[in-house]
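Please read the structure below before turning to the comments.
For reference, positions follow the sequence shown, starting with 1. All ligand and atom numbering here is 1-based and tracks the order in the structure.
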Amino acid sequence: MSSAFLQCIDDRCARRYPLNAKEHQCPACGGLLDVQYDFPSILGGIDAPALRRLWQQRKSGTAITDQSGVWRFRELLPFVPGGAEVVSLSEGRTPLVDVSRTGEWAGGVRLAIKHQGNNPTGSFKDLGMTACITQAAALGSRVTACASTGNTSASMAAYAARAGIKAVVFVPFGKISTAKLAQALEFGAVVIEMGENFDQAFQMLRDVTEELGLYLVNSLNPFRLEGQKTIVFEILEQRDWRMPDYLVVPGGNLGNVSSIGKGLGELKQLGFIDKLPRLVVVQAEGASPFYKMIATGATEIVAVQPRTEASAIRIGNPVNWKKALRALRMTDGLCESVTDDQIFEAKAALAKDGVGCEPASAASVAGIQKLVRSGKIEDGADVVAVLTGHQLKDPEIGIKRRSEREMAQQRLHVEADIRKLRAALESVVLQSA
Ligand code: F0G
């Protein structure tokens, strides 16, 4: 077996498969698969300090692989076959921004946000998609497919277009934001709208994937997680390798938390870090099967009918729950759930720091507030929250959620008459300035 391979995550099985295996789940036991590496043989004598220096130098490089915030760290995702081309849109390189007012709002933590909305298609999915579509292209795939609440589909459509591969998207009918739908259409994907929710659309897609020879790029695909894990390399580099106490992400299909856990585990194994942050995953209350499983001490997930206005995380049967559980166990992590009202309050708090994001992303910040209130996160803790998607991903809900009072103060329809304009400005703007 070569030095990079697929491996079943179930310890009792742990079977290995070559990287070009067609399956995304263990053919023997149905378990989830990881991409694993024999790092000592791959890295030779290169140690962590040398790699840190190399990654730093690449920041000023002109090659697309150096400019990408994923491929700059390529020594830690060495699965691309020699000669294969990397499919990149210069993803990653997203800002880490201190948000002190939001930190106060959350209960007095030192808070920074890692804004993944600043990616080519506006979400963290681009980190995984560059890896996954690179693999799809290396395998000669003709059609890629995913089920999505909107961001994965936008990202897949863009990267597939770049690679010259056909893209088919399955989304729940009428349940994803227009902005995300518009992205997939513009990048030329075929969009199949079916079912009530993500879980239904995903099940239908999985039923035809093999038969029709589609290349599935949902986060069940372990190559997605290889790209997404680089977020943690970038965060630590931006903090001069100082570990935060907590690293917080919203949870839907639980790919993101799983990838971050894997990245952290590898950094520790390779001597980059000696301590781990506590990983925190926050779900929307109406779509929180993972939270319920942990809160009740159950050993299996029980699917729910998902309900939340944070449409990106409206998922009732998360496929990666075993990997997510592994990540929380490794980091002594936490899981929380928040109501939609709490999500929109967090979004409003971030806005006061000049930071916008889509509703699902604000779940991470809402979760921090709840965990500080219950004493599970201590006052003054050093916290990084991942904001997963751009503010303009879901604008309709933001407007719909504003109260009549806020609207009366902020959105004025004024006749084109100078006296009326003056009166309106005096009453609403000048009096409160
Ligand atoms: N935040 C946003 C903005 C998302 O789009 C998603 C997932 C998540 C959080 C949750 O991440 O699934 O890795 O736990 N969106 C997927 C999609 C499901 O189809 O775009 P996760």
Residues Gln228 and Arg224: side-chain donor-acceptor under 3.5 angstrom: yes
Phe272: partners by ring-ring contact (aromatic ring centres under 6.0 Å, His included), with sequence neighbours left out: Trp55, Trp241
Set of residues that line ligand 1, where lining means a heavy atom lies under 4.0 Å from it: Phe124, Lys125, Ser148, Thr149, Gly150, Asn151, Thr152, Pro250, Gly251, Gly252, Asn253, Leu254, Gly255, Asn256, Ala312, Ile313, Ile315, Glu358, Ala360, Thr388
Leu387: which of Val99, Asn118, Ile113 passes side-chain contact (heavy atoms from CB on, under 4.5 Å): Ile113
Those residues that, when tested against Arg242, pass salt bridge (charged side-chain N to carboxylate O under 4.0 Å, His left out) (two or more places apart): Asp382
Side chains of Gln183 and Lys393, donor plus acceptor under 3.5 Å: yes
Which residues share a salt bridge (charged side-chain N to carboxylate O under 4.0 Å, His left out) with Lys400, sequence neighbours left out: Glu309
